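The structure under discussion appears below in the form of structure tokens.
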Amino acid sequence: MSEQNIGQSYYAEGISANDERSIDPAVIEILHKAEKDNVQTAHDRYAEQLPQCGFGDLGVCCRNCLQGPCRINPFGSPREGVCGANADLIVARNLLRTIVGGSASQSDHSYIALQCLDETVNGESNYDIRGNAKVISVATKLGIATEGRSDNEIAADIVAAAYADFGNHSSKPMRWLTATAPQERVDKWAELGILPTNPDREIRTAMHQTSMGVDGSPINLLLSSLKMGLVDGYAGLQMGTDIQDILFGIPAPVKSAANLGVLSSDKVNIIVHGHMPEVSEKIVEWAKKLEEEAKAVGATGIQLAGVCCSGNEVLMRQGVPMAGNYLSQEMAIITGAVELMVVDIQCFMPSITKVASCYHTKVVTTVPIGQLPEAEYIPFTPDTADAKAAEIVRMAIANFAHRDPRKVQIPDYRCEAWGGFSVEAIVGALSALDAEKPLKPLVDNIIAGNVFGAVGVVGCNNVKVRQDFQTVEMIKHLLANNVLVVATGCTAQALSKYGFMNPDGAAAYAGDGLKAVLTAVGEAAGLGAPLPPVLHMGSCVDNSRIGDLLGALAGYLGVSIADLPVAASAPELQHEKAVSIGTWAVALGVLTHCGVVPPILGSPLVTKVLTDDVEGLVGGKFFVELDPIKAADTMLEHIAAKRKALGI
Ligand code: SF4
Ligand code: MSK
């Protein structure tokens, strides 16, 4: 077995351990250590919650005014809340508020990046523009002049255009949407009256719409949910990725590694966790600069590793290894080997400081809205980023002396994993086969059936399902059936641990047709090996990269995205962002799988609209399936039907 193929043996080992909490043998090992060390984890807290509230599970609990909480009994009475709201209305309102939560998170994330770019073009930040090609491509899409102008001048206009969307007081749709989404989709959304104008206004309106005594129409609320998905898609994902690529560069293929074994027993270990590359990129930069200071305290250097989407961001652009996904965040600390975990926004559990208090690990928060009472707060601003990053890295170095070797246990599991597959990188690799029409080789292989279709797998871990299991089983089945898979977020990290994201994965997991294509593209692009069967396309906001790829394929074929032989899946979704991203995918026209039941089943109407009727409006719909093989089969049937409709 080659080194890369180790991921499969980890998978076999994890499966045979038969632990309902995870299939990751590194995690299972650390869960046993947690028991020994008397440390509570998310799994313990979940067990304490059981049984969770049935009303909440079905989405039929309303707390939107102080006459509640009102709870609907789907099998008897009460059938209505105090104000007369029934289950359909309560579920629809709750769903829209969930999607608002996701869209607000992602659009605030992109606004933070936007302010950083603004200060950068004004020479007031510690950052530079590294993504020069992205400045041109984004400006071109937005209709901003580029000829004879400096990157800085063009970027200043890009900043103004983005601010104009957030300050749009007209009824015109968001420019970022009309400039970047396929025209056919824009027309469809206009027809449905769901084109968002100003993202902040849409979020405010949706909170108003769902408050007591306003919208009593579940269907109207569901249309607003689709609109809110578009807020996420264009003010969150698209704008966020475009601006982050301008600031930090367009990712290119890079070799790295994944799982807890990337931590080092003799280096200062620093974990970056959260979502903002503004923080994680600077930590990477200063960890390199301060390597000698680490050696001066007896370490052999500094080992950086990522968790959640901060991990994905610095993997994509810097090749930093990934310690693990959402459910591995506490595990990283329980190894006893982490000097410091720095977090920014989203997806860090409030528990991490309590877990860290059992070891020597320091937790540092960096953003005013993301604080933890027991953590050190070192506010990170664009004009102080260098000083703050240096301070944080030095704090980790100083903490190395406090590591207790008796408490250290780093699981010996790490797997080679590649990242950096931006659309630009994928098109670049395909150009090696056809420089003039880079998408042609891919489309030709789809038509020939060597590539049966494509699936984007995104989203989180969820303590309700065995960590990584649904994701891995589903993707194995899809790859064996020659489906090309792209991944982001914590599912990307899941797949990276078991060998799906290195060249050996092609032989191990892909069907013959797909394997031949991956080999041909990899060889032609000079990788000297096949492309990995699952392409790591980045973080949660990077889902816009998948949207861009779909738009490019649809454009090349002259069809709608809704006609493509593709599907999407969030097999272990947890965060509100996963729901809003899924809604955007449905609005794009994509069949979208959820591997965890969302809290909508209390309303047969809402359930039917989302899993059936919405397809007639936008071409996409949700389906819920907890069995990974059945989920994969449903996607395969869908892809087959789309192929047939296209006559291929
Ligand atoms: Fe109850 Fe209606 Fe108030 Fe909701 S809005 S808590 S259903 S009275
Ligand atoms: S980090 S949103 S748990 S993917 Fe983006 Fe992972 Fe889901 Fe957070």
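Indexing begins at 1, ligand by ligand and atom by atom, following the structure's order. None of these values were measured; they are calculated from a predicted model.
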Asn259 side chain to Tyr10 side chain, donor-acceptor N/O pair below 3.5 angstrom: no
Metal proximity, Cys65 vs atom 4 (Fe) of ligand 1, N/O/S cut-off 2.8 Å: no
Protein contact of atom 2 (Fe) of ligand 1 - nearest heavy atom, named by residue and atom, plus distance: Cys83 SG, 2.4 Å
Protein contact of atom 1 (Fe) of ligand 1 - nearest heavy atom, named by residue and atom, plus distance: Cys70 SG, 2.3 Å
Between Asn325 and Gln467: side-chain donor-acceptor atoms closer than 3.5 Å: yes
Distance-only polar pair, side chains of Ser544 and Gln238, donor-acceptor under 3.5 Å: no
Close approach of Gln346 to ligand 2, heavy atoms, under 4.0 angstrom: no
Arg317/Glu313 ion pair, N-O < 4.0 Å: yes
Nearest-contact summary for atom 4 (Fe) of ligand 1 - protein heavy atom, Å: Cys62 SG, 2.3 Å
Non-hydrogen atoms of Ala34 and Ile334 that approach each other most closely: CB-CD1, 3.9 Å
Trace of the ring-ring contact (aromatic ring centres under 6.0 Å, His included) decision for Phe421 with His536: CA-CA 6 Å; Phe421 291 95; His536 194 319; 8.7 Å; no
Gln67 neighbourhood, listing ligand 1 atoms whose heavy-atom distance to it stays under 4.0 Å: 8 (S)
Interatomic spacing from CD1 in Ile99 to CG in Asp232 - rounded to 0.5 Å: 9.5 Å
Any Arg93 heavy atom less than 4.0 Å from ligand 1: yes
Metal environment of atom 6 (Fe) of ligand 2, protein N/O/S under 2.8 Å: Cys490 SG
Ion pair Glu48/Arg45, N-O distance below 4.0 Å: no
Mutual orientation of the aromatic rings belonging to His275 and His109 [parallel < 30°, tilted 30-60°, perpendicular > 60°]: perpendicular
Contact atoms of ligand 1, heavy-atom distance to Gly68 under 4.0 Å: 6 (S)
Side-chain H-bond candidate by donor/acceptor type, Asp542 with Ser539, under 3.5 Å: yes
